[in-house]
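This report concerns only the one structure given below.
Within every chain, numbering begins at 1; the chains are lettered A, B, ... in the order of the sequence lines, protein sequences first and strands thereafter. Keep in mind it's a predicted model, so treat the numbers as computed, not measured.
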Protein chains: 2
Amino acid sequence: MHHMKKDALVDIIRNAGFRATKPRRTLLTYLQKTRLPQTILEIADGLKDSIDQVTVYRIVEAFTKAGLVRQIDLRMGRPRYEIADARDHHHVVCVRCERIEDFIGCDSDHLADKALKQVKGFSHITGHSLEFFGLCNSCVKQGPTLQAA
Amino acid sequence: MHHMKKDALVDIIRNAGFRATKPRRTLLTYLQKTRLPQTILEIADGLKDSIDQVTVYRIVEAFTKAGLVRQIDLRMGRPRYEIADARDHHHVVCVRCERIEDFIGCDSDHLADKALKQVKGFSHITGHSLEFFGLCNSCVKQGPTLQAA
DNA sequence: CTCCTTAATGCAATCCAATTGCATTTATTT
DNA sequence: AAATAAATGCAATTGGATTGCATTAAGGAG
């Protein structure tokens with residue numbers, strides 16, 4: 001009980017209130033390494049099915065509630081998930097090729113204040129989402145879609 | 001804003017490139033009257049099944065692509081839809097009771113500029129999403145959830 | 001370390017939102 | 001009114017997400 005320096009990973013999971021099981025460690029490691037926000041199925045796939053899909057669903061849901069993971073909606077059919085880093089970053093998404101880039105500095109406190117002044121039933125904001133959509137440069141170059149009427 | 005002359009409605013639909021069919025007129029009128037962003041199934045339900053669900057799916061998708069309808073993601077499982085008014089408004093959502101209020105004035109142009117300066121592969125933003133999450137006053141009053149550990 | 005409790009996982013079955021195919025209907029043009 | 005192409009409705013199907021339950025294993029106690 002004294003010689004084992006606990007993994008940082010294990011600490012993170014335990015501090016969030018969970019047992020540091022192998023699937024949880026594997027999944028968290030995977031998300032830490034992964035740049036892009038992923039769907040549940042992409043995560044399960046990326047883990048080469050070393051973890052059952054049902055378990056991936058359950059872990060991601062639990063981690064999201066606990067604040068370890070962040071849910072992102074990019075108008076791509078289903079929600080995506082990424083590791084919740086301290087840096088509050090957002091995305092710019094190409095609506096044609098789905099290219100994704102990050103940006104930071106949305107000044108959400110200022111925005112939240114503005115919002116709170118307008119709404120009647122709230123006095124406290126705990127989270128926010130902000131995403132931009134557009135065409136990336138290479139898709140712009142390609143010109144309009146081929147399908148004609 | 002409530003009652004729109006039928007001709008105006010027909011024009012809107014035709015200008016978007018569609019035939020002004022009864023289901024389309026019904027659905028658009030319904031969304032114009034409805035305050036809250038709704039899921040597909042809520043819309044179908046709200047229309048009392050006067051329109052087949054499949055048709056609701058198809059119309060909403062087409063209208064969204066055409067810019068008549070706006071897709072909103074509020075971390076509530078599935079996307080919601082509302083009429084695309086000129087006023088660029090966003091929402092504050094209670095994560096417990098799902099109460100929704102609107103607010104305006106996000107200064108998206110400024111934010112988009114900031115984002116564009118940081119990303120490499122984009123030079124044009126066409127849309128954005130911005131939502132705030134928190135606990136509404138009445139849910140705050142209720143205190144923490146009953147389930148203890 | 002071994003035992004013990006119970007959280008967590010895996011698998012099967014199920015659910016239900018979303019999609020697809022196709023025959024029929026309907027808006028619009030001539 | 002006829003022509004024709006788009007749009008709808010219904011049935012069937014797909015596939016992501018959920019649930020139940022038996023089994024496994026994490027973590028605390030002794």
Expressed in angstrom and rounded to an integer, what is the separation of [X] atom [atom1] from [N] atom [atom2]?
| X | N | atom1 | atom2 | answer |
| --- | --- | --- | --- | --- |
| Tyr81(B) | dA17(C) | OH | C1' | 12 Å |
| Gln71(B) | dA18(C) | CD | C1' | 14 Å |
| Ile40(B) | dC16(C) | CD1 | P | 18 Å |
| Arg58(A) | dT18(D) | CZ | P | 11 Å |
| Glu61(B) | dT19(C) | CD | P | 7 Å |
| Gln53(A) | dA13(C) | CD | P | 17 Å |
| Asp52(A) | dT9(C) | CG | P | 10 Å |
| Asp45(A) | dG16(D) | CG | P | 11 Å |

Taking the six-membered ring of Tyr81(A), is NZ or CZ of Arg70(A) closer than 6.0 Å to its centre and within 45° of its axis?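 Cation-pi check for Arg70(A) and Tyr81(A): fails.
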Does the structure place the NZ or CZ of Arg24(A) under 6.0 Å from the centre of the six-membered ring of Phe63(A), at an angle of no more than 45° from the ring's axis?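 No - Arg24(A) does not lie over the ring of Phe63(A) by the 6.0 Å and 45° rule.
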Look at the side-chain N and O atoms of [X] and state whether any lies under 4.0 Å from the OP1 or OP2 oxygen of [N].
| X | N | value |
| --- | --- | --- |
| Arg24(A) | dT9(C) | yes |
| Arg14(B) | dA27(C) | no |
| Thr21(B) | dT8(D) | yes |

Toward the 5' end of DNA chain D, which comes first, Ser50(B) or Tyr57(A), by nearest nucleotide? Ser50(B)
So His90(A) and Ser129(A), side chain to side chain contact (heavy atoms under 4.5 Å, CB included) or not? Walk me through it. CA-CA 8 Å; His90(A) 301 278; Ser129(A) 68; over 6 Å; no
When you compare the side chain of Val56(B) with that of Tyr30(B), does any pair of heavy atoms fall below 4.5 Å?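 Heavy-atom side-chain distance check fails, nothing below 4.5 Å.
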Is it the case that one hydrophobic cluster holds both Ile51(A) and Leu28(A), taking links as side-chain heavy atoms less than 4.5 Å apart, direct or via other members? yes
Given that Leu41(B) and Ala20(B) both sit by DNA chain C, which one's nearest nucleotide is further toward the 5' end? Leu41(B)
DNA chain C: 5'-proximal contact among Phe18(B) and Val54(B) (nearest heavy atom): Val54(B)
Nearest to the Arg19(A) side chain among dA27(C), dA18(C), dA8(C), which nucleotide is it?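 So the nucleotide nearest the side chain must be dA8(C).
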